[in-house]
Amino acid sequence: MSAKNRLDHRIFKRQRFLALTNFGISLEKNIADTLSGALKKQKYHLVGNHSAVKRCKWLYESIINDRTCYKQKFYGIKSHRCIQMSPSLYYCTQQCLFCWRAQSGDLQVKWDEMKIPKVDSPEDIIVGSLKAQEKILTGYKGNPKTNWRKFQEALSPKHVAISLTGEPTLYDPLGDLIQLLHQKGFTTFLVSNGTLPLKLSKLSKEPTQLYISVCAPNEQTYKQVCRPQFPSAWTKLNETLGLLQSFRCPTVIRTTLVKEHNMSHVNEYAKLVEKANPTYIEAKAYMHIGFSNLRLGFECMPMHAEVRKFAAQLAEKTGYKIIDEAPDSRVVLLSRLEKPIQVGNN
Ligand code: SF4
Ligand code: SF4
């Protein structure tokens, strides 16, 4: 496809998207109508005022086709017992090009993404998320390919991936949410963009594993790719990297790789890794899904071989070793450990 055709195709997709939604309505009404309407079409289950659960494709793959996600392969998390959720569905401190969430402006409606206006309690979010997961699972009852043992187990989820969309540290009681989840027997993976180091340092409870997204090697690329919503975000991200070693839980630097956008300057990535000294690095390809389709073309997804090449260069510069990979998800795991720590509790 030529560059012009690609651009036309993107414009066409954006117009089709807009045609599917109501827009031009007031700020208050937009979240209720435009956003929630568009998100429900993408199979989000909205929970309370600012949270959501979405079926991860690997939940389906595990129950129907006995294929599991790379986090099961790496860390023992059971895909069929995992809830993928967010307590900050519409809210984030960045507007990454590669993000699959609906960002302010995507659907011709704008809102303040930096503040959650009406804060739900951790208990309500957990109850709502469990109900949403149960609803998701009812869809499997009529499927002749359902693995019934896994289905029964799935009804008692054991892991929560706080990673769906948005920046979770914008939700003030995040530590309480994690604590309550752990009390109820869940393990948790928390994914943050690291722009709010103070919130992270004051978490009342650490997650089972903490991810910090580092998707640019320097400030210039960071501004182009991650599009921070406040001027000192790069400095703040670097502060977070500096405090990563104070966490007791395993830590991960997650790099979402977007072709022709953030896959160069490996030396500078290596310096960021050195500062954070994480337990792992996950180098992962951008996936052309969700609302990212409005911002990036299909050709921006690197192949697994390209992710591997990047990971090999990073390994050479950092001394980390490639210890596993999942070509289906185009992800490579690096670590100073010989083997990843298994955190799956079931
Ligand atoms: S750990 Fe992540 S990829 Fe695996 S099932 Fe849960 S949400 Fe999906
Ligand atoms: S930090 Fe995460 S949620 Fe926020 S815009 Fe980037 S990818 Fe999306």
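The residues of the chain are indexed from 1 along the displayed sequence. Read the numbers this way: they start at 1 and go in the same order the structure lists the ligands and their atoms. Since we're looking at a predicted model, the values are computed, not measured.
- The cluster map of Ile, Leu, Val, Met, Phe, Trp and Tyr, joined by side-chain heavy atoms under 4.5 Å apart, puts L243 and L210 in the same cluster.
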Residues F310, Y269; criterion ring pair (Phe, Tyr, Trp, His ring centres under 6.0 Å); working and verdict: CA-CA 11 Å; F310 176 91; Y269 275 113; 5.3 Å; yes

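- For Q94, the heavy-atom gap to ligand 2 drops under 4.0 angstrom.
- Among the atoms of C96, an N, O or S atom falls under 2.8 Å from atom 6 (Fe) of ligand 2.
- Close approach of ligand 1 to C56 (heavy-atom distance below 4.0 Å) involves ligand atoms 3 (S), 5 (S), 7 (S), 8 (Fe).
- For atom 7 (S) of ligand 2, a protein heavy-atom neighbour is present inside the 4.0 Å cut-off.
- Ion pairing between K259 and E299 fails under the 4.0 Å rule for side-chain N and carboxylate O.
- Donor-acceptor pairing under 3.5 Å is lacking for the side chains of D120 and S51.
- Within ligand 1, counting atoms from 1 as listed, the ones closer than 4.0 Å to a heavy atom of S79 are 5 (S).
- Between E325 and H304, the side chains place a donor N or O and an acceptor N or O closer than 3.5 Å (distance only, hydrogens not considered).
- Between H50 and the options Y171, Y91, Y90, W111, a ring-ring contact (aromatic ring centres under 6.0 Å, His included) holds for only Y171.
- Coordination check, C69 versus atom 6 (Fe) of ligand 1: failed, since every N/O/S atom of the residue sits at 2.8 Å or beyond.
- The contact set between ligand 2 and N193, taken as ligand atoms under 4.0 Å from a residue heavy atom, comprises 1 (S).
- Only the side chain of F98 comes within 4.0 Å of ligand 2, judged by heavy-atom distances.
- When each atom of ligand 1 is checked for a heavy atom of K71 under 4.0 Å away, the hits are 1 (S), 2 (Fe).
- Of all protein heavy atoms, the one closest to atom 4 (Fe) of ligand 2 is C92 SG, 2.3 Å.
- Interface of G166 with ligand 2, defined as ligand atoms under 4.0 Å from a residue heavy atom, comprises 3 (S).
- Distances below 4.0 Å separate heavy atoms of C82 from the following atoms of ligand 1: 1 (S), 5 (S), 6 (Fe), 7 (S).
- When each of Y320, Y211, Y75 is checked for a ring-ring contact (aromatic ring centres under 6.0 Å, His included) with Y280, only Y75 meets the rule.
- Between the side chains of N238 and T235, no donor N or O sits under 3.5 Å from an acceptor N or O.
- Note: Y60 and Y140 have tilted aromatic rings, judged against thresholds of 30 and 60 degrees for the angle between ring planes.
- Interface of C99 with ligand 2, defined as ligand atoms under 4.0 Å from a residue heavy atom, comprises 3 (S), 5 (S), 7 (S), 8 (Fe).
- With a 4.0 Å heavy-atom cut-off, ligand 2 is reached by the side chain of R101 but not by its N, CA, C or O.
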